[in-house]
Peer 1: 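Please see the structure below; I have some questions.
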Amino acid sequence: MKQRLNLNLVISMSCYSSLYKPSLFHTTTNADIKAYLVGKLQTCKDLTSATLTHSKAIISGLSYDTFTTNHLINCYLRLLRIDHAHKLFDQMSQRNVVSWTSLMAGYVSHGQPIVALRLFHQMQASLVLPNEFTFATLINACSILANIDIGRRFHALIEIMGFGCNLVVCSSLIDMYGKCNLVDEARLIFDSMCIRNVVSWTSMITTYAQNAIGHYALQLFREFNHLRLDKPNHFMLCSVISACASLGKLGSGKITHGVVIRRGHDANDVIATTLVDMYAKCGCVHYSTKVFRRIQNPSVIPYTSMIVGAAKYGLGTLSLQLFEEMVDRRIKPNDVTFVGALHACSHSGLVDKGLEILDSMNVKYGVMPDAKHYTCIADMLGRVGRIEEAYQLAKSVQVERDGYALLWGTLLSASRLHGRVDIAVEASKRLIESNQQVAGAYVTLSNTYALAGDWENAHNLRSEMKRTGIQKEPGSSWIEIKESTYLFHAGDISNCNQRSEMLSLLRELEERMKEKGYVGGTTGVVFLDVEEEAKVEIMSLHSEKLALAFGLINTPKGVTIRIMKNLRMCRDCHETFKLISDIVERDFIVRDVNRFHHFNNGLCTCGDFW
DNA sequence: CTAGGGTTAG
């Protein structure tokens, strides 16, 4: 009969048996027992056999033995019993660097990096010296916390203690600097290394990919392949695909997909999820669906990736179908899934459905709506002109600092779009007072005044910006046609070689939009030239959707037109996509700049004109 | 001969 051992009893026994002198048991047979027990502990798959081995260790008088106890600690950590591991650790009479590092690593991998840092503090008092393993663990903790202040202090300590040349320590340092958006410092570490392996290359590639410099990521990947040091593994391929996604490089993405298949990683769920995301961001939701359907049992992340991809592309119905499908398959949606589902409602005009989902979040799925969900709802209401409701919602919810700017920034854009100067004024005030998105607030408020015909206030705001030196970074977008990339900066066409080509494309687009039944509405789009502040031009576009889909460029005449900006937020963006594809007779894609992986969870908002 | 580094959705 199998009997479950009482673990607490075993641990108490372990304490009690330490009263005996371990030297009594030090015989050759004891060494054999020790080897046997350690072997057991390393392969142990369940708590029952772990406790059994633990009790055997106690009976054999090994509870005093640091080496055996370290194995026990690691066994409990592997079985996710950090409490037992810590208890054992507390009872040890002789802790060595492995004991300390094991426990710290346990806390880091179980999502408690702060506890690991606290343990290091205690370790310093204990006179046990940290080694390269300890530092790799600690840097990992800083990386998760994105705490560069503590990270730098560890880095200094690493150099002082002479671990600055260790391969693993360096890889973790690259990762930490990367996660803190300090790309140059990550590169300094990478360049200083005398030996590199796949992991260090991957860390550097990932740093580029996650910091919106996908081109460098791809360049480094090419370099890695050229050097033929090693074959890329699934970690590296993941980062490379993710870089292609952020660049919208469909061609490179497809090539990397080919590498994935050739190297036999196509059954890897993480890779598949990255591919789903990449194809969606490159405007090929059809391919996303194909890759997604090959995943055997998609978890919440692949589902969410697919839901978000479809939502952004304007396929709201598909997105919501997938949402229902995952709920039917009893896969629990999380906060990100709801961002996707609400995005779908917002971009497909399914307002009632969106409100219904918001209400169901906590009640049915136990996910508390937060700022990002309220922002989706405010965006959704704003798009259909229910600006007053959006305003009341924004006023009624409590959100944290970052979410606050997101929410009121969305409200500001929505009120500009619908000419609600009163709300725009309040939203800008809130943003400026909280010292967030200040330049954007000034510009959008100024544009709102201009749209309402209040040129005086519009002009005054511009003057004040100039006087106080507040500057808005111009937005940019780029399109890729075959091998060439065309970059546009907001309010600047000077670097555009295809100026006349672009203009004729625009004119043709307008014609096509008219043919499609877009009546030239009264949607006036107001543009202020930042360089020549007095110049105000109003341009009426045939469709608000067209206006949203286009990024800003300045024509030689000073008229500002939006070209391909925020394509993904346009309700009919796939329609627009098709139209433009028809005209240029090629596939192309558009990406936004400034997409930071770790610290920018900014949502696309309606009328996010910059 | 116990402990350490790199990947996915917003």
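All values below were derived from every heavy atom in this structure, side-chain atoms included, with hydrogens, water molecules and symmetry-related copies excluded. Labels below follow one simple rule: chain letters A, B, ... track the order of the sequence lines, proteins then strands, and each chain is numbered from 1.
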Peer 1: Would you tell me if any nitrogen or oxygen in the side chain of A/Q94 comes within less than 4.0 Å of OP1 or OP2 on B/dT2?
Peer 2: no
Peer 1: Over all strands shown, is A/H71 touching base, sugar-phosphate only, or nothing at heavy-atom distances under 4.0 angstrom?
Peer 2: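 Touches sugar-phosphate only.
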Peer 1: Establish, from distance only, whether the side-chain atoms of A/S203 and A/D175 form a donor-acceptor pair under 3.5 Å.
Peer 2: no
Peer 1: Do A/F89 and A/W100 have their ring centres less than 6.0 Å from each other?
Peer 2: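 Under 6.0 Å, so yes.
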Peer 1: Starting at atom CZ of A/F89, determine the distance to atom C1' of B/dA3, rounded to an integer number of angstrom.
Peer 2: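 Rounding to the nearest Å, CZ of A/F89 and C1' of B/dA3 are 12 Å apart.
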Peer 1: To the nearest Å, how far apart are A/W201 CH2 and B/dT7 P?
Peer 2: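 Spelled out: CH2 on A/W201 to P on B/dT7 is 17 Å.
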Peer 1: To the nearest 0.5 Å, how far apart are CD1 in A/I195 and OG in A/S200?
Peer 2: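 The CD1 atom of A/I195 sits 9.5 Å away from the OG atom of A/S200.
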Peer 1: So what does A/V276 hit on the nucleic acid, given a heavy-atom distance under 4.0 Å: a base, only sugar-phosphate, or nothing?
Peer 2: nothing
Peer 1: Do A/S171 side-chain and B/dG5 base share a donor-acceptor contact under 3.5 Å?
Peer 2: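 Present.
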Peer 1: Quick check for you: among B/dG10, B/dG4, B/dG6, whose closest atom lies nearest to any side-chain atom of A/V339?
Peer 2: B/dG10
Peer 1: Below 30° counts as parallel, above 60° as perpendicular, anything between as tilted: where do the rings of A/H265 and A/H234 land?
Peer 2: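 Plane angle between 30° and 60°, so tilted.
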Peer 1: In whole Å, I'd like the distance from the CG atom of A/L103 to the P atom of B/dG4.
Peer 2: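 The answer, rounded to whole Å, is 12 Å.
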Peer 1: So if I take every side-chain heavy atom of A/V98 and compare against B/dG10, B/dT2, B/dG5, which nucleotide ends up nearest?
Peer 2: B/dT2
Peer 1: What is the nucleic acid contact for A/I73, judged by heavy atoms within less than 4.0 Å: base, sugar-phosphate only, or nothing?
Peer 2: nothing
Peer 1: Tell me: OH of A/Y374 to C1' of B/dG10, nearest whole Å?
Peer 2: 17 Å
Peer 1: Report the C-alpha separation of A/T66 and A/R95 in whole Å, then their side-chain angles, then the decisive distance to 0.1 Å, and conclude whether the side chain to side chain donor-acceptor pair (under 3.5 Å) test is met.
Peer 2: CA-CA 7 Å; A/T66 304; A/R95 301 178 195 104; over 6 Å; no
Peer 1: The criterion is salt bridge (Lys or Arg N to Asp or Glu O under 4.0 Å); which residues satisfy it with A/R81, sequence neighbours excluded?
Peer 2: A/D83
Peer 1: Parallel, tilted or perpendicular, judged at 30° and 60°: which one describes the rings of A/H347 and A/H343?
Peer 2: parallel
Peer 1: Which residues in residues 121-144 of chain A have a heavy atom closer than 4.0 Å to any atom of DNA chain B?
Peer 2: A/N131, A/E132, A/F133, A/A136, A/T137, A/N140
Peer 1: Nearest 0.5 Å, what's the CG-OG distance between A/L77 and A/S102?
Peer 2: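 Interatomic distance, A/L77 CG to A/S102 OG, rounded to 0.5 Å: 7.0 Å.
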Peer 1: Measure from CG on A/N96 to C1' on B/dA3 and round the result to the nearest Å.
Peer 2: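 Spelled out: CG on A/N96 to C1' on B/dA3 is 9 Å.
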Peer 1: Within the structure, does a side-chain N or O atom of A/K312 lie under 4.0 Å from either OP1 or OP2 of B/dG10?
Peer 2: yes
Peer 1: For the base of B/dT8, is there a side-chain donor-acceptor partner from A/T274 under 3.5 Å away?
Peer 2: no
Peer 1: Taking the ring centre of each residue, are A/H257 and A/Y287 less than 6.0 Å apart?
Peer 2: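 Judged by ring-centre distance (under 6.0 Å), A/H257 and A/Y287 do not meet the cut-off.
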Peer 1: Considering every strand and a 4.0 Å limit on heavy-atom distances, what is the contact class for A/N166: base, sugar-phosphate, or nothing?
Peer 2: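 Base: the residue A/N166, judged by heavy atoms under 4.0 Å, touches a nucleobase.
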Peer 1: Is the shortest heavy-atom distance from the side chain of A/K179 to the side chain of A/T207 under 4.5 Å?
Peer 2: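 In short, these two side chains do not touch, never coming nearer than 4.5 Å.
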Peer 1: With a 4.0 Å cut-off on heavy atoms, is A/S102 in touch with a base, just the backbone sugar-phosphate, or nothing at all?
Peer 2: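 Sugar-phosphate contact only.
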Peer 1: Within residues 255-267 of chain A, find the residues that approach DNA chain B with a heavy atom at under 4.0 Å, and present them sorted by residue number.
Peer 2: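 Heavy-atom contacts with DNA chain B come from no residue of residues 255-267 of chain A; none.
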Peer 1: Compare the minimum distances between each of B/dA9, B/dA3, B/dG4 and the side chain of A/V97, then state the nucleotide with the smallest one.
Peer 2: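 Comparing B/dA9, B/dA3, B/dG4 against the side chain of A/V97, the answer is B/dA3.
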Peer 1: Please determine, for the side chain of A/T206, which listed nucleotide (B/dA3, B/dG6, B/dG5) has the closest atom?
Peer 2: B/dG6
Peer 1: What is the distance, rounded to the nearest whole Å, between atom CZ of A/F163 and atom P of B/dG5?
Peer 2: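 Rounded to whole Å, this separation is 16 Å.
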Peer 1: Is the ring centre of A/Y279 less than 6.0 Å from the ring centre of A/H286?
Peer 2: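 So the answer is no for these two rings.
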Peer 1: Could you state the CD1-P distance from A/I174 to B/dG6, rounded to the nearest angstrom?
Peer 2: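 Interatomic distance, CD1 of A/I174 to P of B/dG6: 11 Å.
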Peer 1: For B/dC1 and A/K34 - does any side-chain N or O of the residue sit under 4.0 Å from the phosphate oxygens OP1/OP2?
Peer 2: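 Checking B/dC1 against A/K34, no side-chain N or O comes under 4.0 Å of OP1 or OP2.
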Peer 1: Among the candidates B/dT7, B/dG10, B/dT2, find the nucleotide nearest to the side-chain atoms of A/Q42.
Peer 2: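 Of the candidates, B/dT2 comes closest.
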Peer 1: Give a yes/no answer on whether the side chain of A/K372 brings an N or O atom under 4.0 Å of OP1 or OP2 in B/dA9.
Peer 2: no
Peer 1: How many Å lie between CG on A/D65 and C1' on B/dC1, as a whole number?
Peer 2: 13 Å
